[in-house]
A.B. asks: 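Here it is: the structure, laid out below.
Numbers restart at 1 for each chain; the letters A, B, ... are given by sequence-line order, proteins then strands.
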Protein chains: 2
Amino acid sequence: MVTITHDKTTKYSNKMSKNIYAYALVREAIAKNIIEKKLTGNLPSERELCATYEVARSTLRQALGQLENMGLIFRKNRSGWYVCPRKLKYDPMRHASFLQYTTEQGFQPSTVLLSKKQIKPCKEISESLHVDKNTSLTSIKRVRSVDGRAVVVEDLSFSNAHLPEIEKHDLSLSISILLKNTYKHHKVLYDISVESCCLFNPIAQHLNTYDGALGLKVTRIVRDQNGVAFEFDREYWRHDALMIENNAKLDVFIQHLKP
Amino acid sequence: MVTITHDKTTKYSNKMSKNIYAYALVREAIAKNIIEKKLTGNLPSERELCATYEVARSTLRQALGQLENMGLIFRKNRSGWYVCPRKLKYDPMRHASFLQYTTEQGFQPSTVLLSKKQIKPCKEISESLHVDKNTSLTSIKRVRSVDGRAVVVEDLSFSNAHLPEIEKHDLSLSISILLKNTYKHHKVLYDISVESCCLFNPIAQHLNTYDGALGLKVTRIVRDQNGVAFEFDREYWRHDALMIENNAKLDVFIQHLKP
DNA sequence: AAGTGGTCTAGACCACGCC
DNA sequence: GCGTGGTCTAGACCACTTT
């Protein structure tokens, strides 16, 4: 049970004044309580919040939905609303393992391998890796968590020709370490793209969220030191778990790479 | 007026079957029509769609909201729902002007200067630019559009000391060209961060969207060839207008930059 | 003036988590 | 079995855009 501060004289559903709507007032009131740490852990139940702010449940849920979009709160399926933990900072260009950058930031990481199989590439992958659509690729799906909270589903496809016997390794561990130690890929290039997306089942289920939840989709094409693409990654992140960060790099150097 | 295809035998509000909910069925039906280009331009009115799919308006709006999160449709304030144009590809690391990369992709760009003033830095800016909190900075706000659709609000802060008389230039034009031609900054480094966010007024209004709409926040710290930070940018993008893209760069080179 | 989306209500019942 | 959030309805009125 959590008690929250709330000015009893405020009529949150009084929509007449200055085009300020009830859901916005409720949103701001709850946001204030979260930012000032008066609200932590789980929120009171929706029906309780309705009573507190004197609004209908759908109005309250509009406010909660926006707080969710802001990355302040999230829901566990049918169990309640919770204040979001801090975001993980992630540099998709950096040659660092999930284990490394999560522990650097004080998180407890874990990984579960969902599947491992041989696939034929879809159009996007065959074009990106420059392989024929009948080439066999090793495909693995993994879900990765920080502090017990699932944050990303990865869908990785590897060129068997480029990484012989890749399928025989333990692929729930760090791929970047495997590339370094077994395949001697110390120099790696990335093509990255990031966009806003929706998470649908079954990905949403793996992330303990709902069908249609907000996400961030990160796509990576990994190349060896000669520029040959050998790995295609799709990462579906919880939108509220992630801040993409990339530190200064010299534009000039990049131009030197294209002689 | 737009006619849409729709299997008349499907009862969209029959929620009993296989945990498939009405809003998900409506969402998929409309998405299919958009992807197959049977729906273009503006959608039928909400009340019309309610009748078509035999659902209540709030159920329909849940479906529309998810299609909006998917980046398939967007709304113009109280005028209707529209199919989204294609996304702009944007590389925040690249030393290219807005004019350049939009026209490269076949868009018609435009920029409006909203304000230009001298400010004192907030905590985040003073730390990023390593300047005292009493230092005066030139701050400009701009809104940029492609094909007449506002897509990003920029909030740029420049170090006056580093860019003397910056305030005297026409700041609705390209800053990167100004840096090159006037200040001879041919080599520039960036620190970038990207995260999901909500757009609130007045930013939401500049982007012709609603208070609480989804957005992407891109933060950039720009440094000169010596690594000295002289510009702090905050960019608030429509979430449905943008795909962040960054092409392959050698990790090794970056390590060489830190001797 | 008519039509649109935007806000809001007061209910109802369901599916699932937790005890 | 109780409490939670999840889905859904059928209205009402408002603010704004379009005609």
A.B. asks: Verify the contact: side-chain N or O of A/T59 to OP1 or OP2 of C/dT9, cut-off strictly under 4.0 Å; return yes or no.
C.D. replies: yes
A.B. asks: Which is more 5' along DNA chain D, the nucleotide nearest A/K76 or the one nearest B/A24? Just name the residue.
C.D. replies: A/K76
A.B. asks: So does B/Y21 get a side-chain nitrogen or oxygen closer than 4.0 Å to the phosphate oxygens (OP1/OP2) of D/dT7?
C.D. replies: no
A.B. asks: Here's a test of your reading of the structure: between B/Y82 and A/D211, which maps to the more 5' nucleotide of DNA chain D?
C.D. replies: A/D211
A.B. asks: If you measure only the distance, is there a donor-acceptor pair under 3.5 Å linking the side chains of A/W81 and A/E46?
C.D. replies: yes
A.B. asks: Of the listed nucleotides (C/dT9, D/dG6, D/dT9), which one gets closest to any side-chain atom of B/S58?
C.D. replies: D/dT9
A.B. asks: Would you tell me if any nitrogen or oxygen in the side chain of B/R61 comes within less than 4.0 Å of OP1 or OP2 on C/dG6?
C.D. replies: yes
A.B. asks: Indicate the ring-plane relationship of B/F98 and B/Y101, choosing parallel, tilted or perpendicular according to the 30° and 60° boundaries.
C.D. replies: perpendicular
A.B. asks: Using a heavy-atom cut-off of under 4.0 Å over every strand shown, decide if B/R75 touches base, sugar-phosphate, or nothing.
C.D. replies: sugar-phosphate
A.B. asks: So if I take every side-chain heavy atom of A/S45 and compare against C/dG6, D/dC8, D/dT4, which nucleotide ends up nearest?
C.D. replies: D/dT4
A.B. asks: Do we see a donor-acceptor contact under 3.5 Å between the side chains of B/Y90 and B/E235?
C.D. replies: yes
A.B. asks: Quiz question: going by heavy-atom distance under 3.5 Å, is there a donor-acceptor pair between the base of D/dG3 and the side chain of A/R78?
C.D. replies: no
